[in-house]
Protein chains: 4
Amino acid sequence: MSESTISRRARNDSAKDLRRQHILDCAEKIVLHKGLSQLSITAVAKEAKLAIGTIYLYFENKEELIAQLTLKSREILLQKFREGIALSPHPLEQIRNILVASQNFYQENKFYHELVSFFEINAGLAETPELKEAGLAITHLVVSVLENAKKQGLIRPETDEKAFALIMWATSVGMIQLLDVKEAMVRELLPGKGQDFYNHYVDILLRGIMS
Amino acid sequence: MSESTISRRARNDSAKDLRRQHILDCAEKIVLHKGLSQLSITAVAKEAKLAIGTIYLYFENKEELIAQLTLKSREILLQKFREGIALSPHPLEQIRNILVASQNFYQENKFYHELVSFFEINAGLAETPELKEAGLAITHLVVSVLENAKKQGLIRPETDEKAFALIMWATSVGMIQLLDVKEAMVRELLPGKGQDFYNHYVDILLRGIMS
Amino acid sequence: MSESTISRRARNDSAKDLRRQHILDCAEKIVLHKGLSQLSITAVAKEAKLAIGTIYLYFENKEELIAQLTLKSREILLQKFREGIALSPHPLEQIRNILVASQNFYQENKFYHELVSFFEINAGLAETPELKEAGLAITHLVVSVLENAKKQGLIRPETDEKAFALIMWATSVGMIQLLDVKEAMVRELLPGKGQDFYNHYVDILLRGIMS
Amino acid sequence: MSESTISRRARNDSAKDLRRQHILDCAEKIVLHKGLSQLSITAVAKEAKLAIGTIYLYFENKEELIAQLTLKSREILLQKFREGIALSPHPLEQIRNILVASQNFYQENKFYHELVSFFEINAGLAETPELKEAGLAITHLVVSVLENAKKQGLIRPETDEKAFALIMWATSVGMIQLLDVKEAMVRELLPGKGQDFYNHYVDILLRGIMS
DNA sequence: GATGAATGAGGCTTCATTCAT
DNA sequence: CATGAATGAAGCCTCATTCAT
């Protein structure tokens, strides 16, 4: 293979990645503005100003497109968690920061939540290895913080770090769902509390494992 | 069965409402057997042995049908909570029973969970007054148990009963979602733990509010 | 069920049959004019001046539509065979008439041949019971003529009637295919012979079993 | 291998024609492994490790590619016929061998049959001169055997060699189609006969022309 | 009230072919 | 010569909803 071929290949490959990214961005935009249910290949193609068939050059099918979107959201979440952890050296604070980062992320990217939920809810869809890995990376990060907390005697020794990491994930998703969808109801039931509500949840969860 | 339920039933006991109920039963059967995604008006009509158009005489559109189905699930859930509370006179046990009843209900009626999620996730859909009422009835029941617990000095006085009732709802839904959809992942991460996982969550939540 | 309902049902059922027949006729027209490859649901809908979805009220999918078309062609063929048999009391003449009827049918309905071939060629497609039955009806008719011929000592006693019925079917289809598709080539190779060619085939086949 | 084949090969032995041959080989591989319906230009390009556009440098369109594939199959068939003829000096045996070789070829290369049928059935497609030539080569070979048989007084003098050569072709293709697609039906109708069926056909055909 | 045939927009996906590089 | 990304028409099918009877 000639050098020129290689370099062209390289050029093309990065161009291909860019295009792929562009499509993902457009899909993201649709999900963000109109919700996951409105995400159709046709809509993505229109948004990206590409032909429908072109989308299929970059994604095998709609499911893969959604998987990639989910992957991206998990990667961002992982990053947010890292930033939250970096804010404080204290493990308990780090746990709190993680839970708050989770909420922040979803509030800033309201519809992203649907993407996380999508694979949460569509039991039928198999997660790709990549997607699984991204999920595990998040889990492992949280577990490491929890192990640290246990070593320092901050949380009860009976606490199972892995189980609690999953509990953090599951319950925060549930909380955010409620806040997202039942906002009016929450405000009605808890007037004047707003954001405190989520913090209340965080407090209780932390107290639940503190020694 | 509470007075309000009975009186509503009485209100509904016309021929028209019987048929409405029949349609709902058929829709429920479909959701339970085949999942929400298979719930089409055509399928409901076939199951109910009615014409498609007839369905639209009783429900404005598909959305309302789903709303009514959700309503029914909330009524059942309310009943299950009552039963759970009746099992023990001790408020903390009652709270635990409520959380366990929640899980049991969704595990026994796997697909019902989709209905809850549906309204949890489709922020756009307005809950009908009836639906709201049913949600509030559940909330009030839980709040009364919590107030009782506080009166007896079993939970910390700072605990906001209404807020915690919602937290119970939100987090248990999150937990059940995770267990439902990520069953394999949970088993992989927590080998040999199985059902303990949910109990672990209940323990932590309770410890989080116990005085 | 009231009488009026029943009569309406009956009226509707026959109307439904008519509509179904209309769709089949339109599909037939397309196959006859443009070939099987041009038979799309959209084309049928346009020809029938119906919406696409309407087609699916009468046929589960495209495959079933084609099956019904094939069924019809087999029914017509059966009729043609009966007519051919009625032309002569002599079994050997009857066999000849069957083979000629086969050719006539396909020449009069050129593209119908594709339909017969369709199921001949698409091994993947399962024949419906109805379709099978129609095929068997033809086979049985031919077999009965052959049995008759054998009883009268007109064909060799070793001849297996069923096998030969299938051989008649298979070889005549092959002959007609050749004539249909390679018309020019046949004319080139056998100048001035034209129709004689098929008769030649019939003669040879008959001589092959005559005692 | 005949002189004409060799000389054509010689003509073709440029780099361009090597690549053309390579593409054909890959296309053949796809048809043999996955069937004609899976033969897409994209698939051929992938198999040949060439760009899609490159395929179009060597073949005007998909149809031509298929035509060339058919050509190849005819060349192989010609070779098989020659081998069949070489097995016996007796013309009638040679005819039988030709018919059997035909069946063997299609049974060993099941999907090749689709190629033959493709051109047999798509009346619209014009055969290229090369394709015609290959067809004629086969015909001429068979005709020569028949002429030989007639000279030796083995077959009836009225037999038109050219016509019968075509009849052999047409009917054997029909027989193989039936066996290929209606295997189950043949087995059902003729239990325990299997391969005998084709031999029965061969016998009848031979008897049909024997003097 | 009840019916259910009809609608048709919209969803996903494929693939022969072109054309700028 | 070679490339392969891009095209977009066309195919199949679903289903919420309407409306004439």
Side-chain angles (χ1 to χ4, degrees), chain A residues 1-2 4-5 8-9 11-13 15-16 19-20 37-45 48-63 65, chain B residues 15-16 19 37-46 48-65, chain C residues 2 4-5 8-9 11-13 15-16 19-20 37-45 48-63 65, chain D residues 15-16 19 37-46 48-66:
Chain A
M1 205 171 280
S2 72
S4 73
T5 303
R8 180 152 46 71
R9 174 78 42 94
R11 209 189 326 121
N12 285 351
D13 278 2
K16 190 161 181 169
R19 190 71 103 172
R20 190 182 164 94
S37 71
Q38 297 304 305
L39 183 73
S40 71
I41 296 290
T42 307
V44 173
K49 300 193 177 178
L50 290 171
I52 290 172
T54 308
I55 309 298
Y56 283 89
L57 291 179
Y58 296 90
F59 301 91
E60 215 172 300
N61 49 35
K62 190 184 173 181
E63 193 181 310
L65 177 62
Chain B
K16 166 149 186 169
R19 183 159 280 193
S37 72
Q38 296 304 303
L39 183 74
S40 69
I41 296 291
T42 303
V44 173
K46 198 173 294 175
K49 301 192 178 178
L50 289 172
I52 293 174
T54 308
I55 308 296
Y56 280 89
L57 292 177
Y58 294 89
F59 300 90
E60 208 174 316
N61 50 33
K62 190 182 173 181
E63 193 183 307
E64 196 205 324
L65 177 64
Chain C
S2 72
S4 75
T5 304
R8 180 152 44 73
R9 176 78 41 94
R11 209 191 324 124
N12 285 351
D13 278 4
K16 192 161 180 169
R19 190 73 103 171
R20 191 183 164 93
S37 72
Q38 295 306 302
L39 183 73
S40 70
I41 296 291
T42 305
V44 173
K49 300 194 178 180
L50 290 171
I52 291 171
T54 307
I55 309 298
Y56 283 91
L57 291 179
Y58 296 90
F59 301 91
E60 215 171 302
N61 48 37
K62 190 184 171 179
E63 194 182 308
L65 177 62
Chain D
K16 167 148 185 168
R19 179 158 284 191
S37 71
Q38 296 304 303
L39 183 73
S40 69
I41 296 292
T42 304
V44 173
K46 199 174 291 174
K49 301 194 179 179
L50 289 172
I52 292 175
T54 308
I55 307 297
Y56 280 88
L57 293 176
Y58 294 88
F59 299 91
E60 209 176 314
N61 49 34
K62 191 182 173 181
E63 193 182 308
E64 196 205 326
L65 177 62
I66 293 180

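Excluded from the calculations below are hydrogen atoms, water molecules and symmetry mates; all remaining heavy atoms, backbone and side chain alike, are included. In the text below, chain A, chain B and the rest are named by the order of the sequence lines, each starting its count at 1.
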Quiz prompt | Which residue lies more 5' along DNA chain E, comparing C:Lys49 with B:Lys49 via nearest heavy atoms | solution = B:Lys49
Quiz item: How close or far is atom P of E:dT3 from atom CG of C:Leu57, stated in whole angstroms?
Solution: 18 Å
Quiz prompt | Nearest-nucleotide pick for D:Ala51, side chain only, options being F:dG11, E:dT7, F:dG4 | solution = F:dG4
Practice problem: Using Watson-Crick or G-U wobble pairs with both distances under 3.5 Å, give me DNA chain F in dot-bracket, 5' to 3', with [ ] for crossers and | for pairs to another strand. | Solution: .||||||||||||||||||||
Self-check item: For atom CD1 of C:Ile52 and atom P of F:dA10, their distance in whole Å
Solution: 13 Å
Quiz item: Can you tell me how far C1' of E:dA16 sits from CD of D:Glu63, to the nearest Å?
Solution: 12 Å
Quiz prompt | Any B:Arg19 side-chain N or O less than 4.0 Å from OP1/OP2 of E:dG1 | solution = no
Exercise. For A:Arg20, answer base if it contacts any base atom (sugar-phosphate contacts may also be present), sugar-phosphate if it contacts only those atoms, and nothing otherwise; contact means non-hydrogen atoms under 4.0 Å.
Key: nothing
Quiz item: C:Thr54 side chain N/O closer than 4.0 Å to the phosphate oxygens (OP1, OP2) of E:dA5?
Solution: no
Quiz prompt | D:Glu60 CD to E:dA16 P, straight-line distance once rounded to whole Å | solution = 16 Å
Quiz item: Within this structure, what is the CZ-to-C1' distance between A:Phe59 and F:dA6, rounded to whole angstrom?
Solution: 16 Å
Quiz item: Toward the 5' end of DNA chain E, which comes first, A:Gln38 or C:Gly53, by nearest nucleotide?
Solution: C:Gly53
Exercise. Mind calculating the distance between CD1 (A:Ile55) and P (E:dC15) to the nearest angstrom?
Key: 18 Å
Exercise. Would you kindly give the OH-to-P distance between C:Tyr58 and E:dA6, to the nearest whole Å?
Key: 3 Å
Quiz item: On DNA chain F, nearest-nucleotide positions of D:Leu50 versus B:Leu39: which is more 5'?
Solution: D:Leu50
Quiz item: CZ/A:Arg20 to CG/A:Leu57 distance, rounded to the nearest 0.5 angstrom?
Solution: 11.5 Å
Quiz prompt | Nearest-neighbour nucleotide for the A:Tyr56 side chain, F:dG11, E:dC12, E:dA6 considered | solution = E:dC12
Exercise. Determine the contact category for A:Ser40: base if any of its heavy atoms lies under 4.0 Å from a base atom, sugar-phosphate if only primed atoms, P, OP1 or OP2 are that close, otherwise nothing.
Key: sugar-phosphate
Quiz item: What's the spacing between D:Asn61 CG and D:Ile66 CD1 if we round to 0.5 Å?
Solution: 9.0 Å
Quiz prompt | Spacing between C:Lys62 atom NZ and F:dA10 atom C1', to the nearest angstrom | solution = 11 Å
Quiz item: Between A:Leu50 and A:Arg19, what is the shortest heavy-atom contact and its length?
Solution: CD2-NH1, 3.7 Å
Exercise. Going by the side-chain contact (heavy atoms from CB on, under 4.5 Å) test, name the single residue among B:Tyr56, B:Phe59, B:Tyr58 that passes it with B:Glu64.
Key: B:Phe59
Quiz prompt | Selection from E:dA16, E:dA2, F:dT17 that lies nearest to any side-chain heavy atom of D:Ile41 | solution = E:dA16
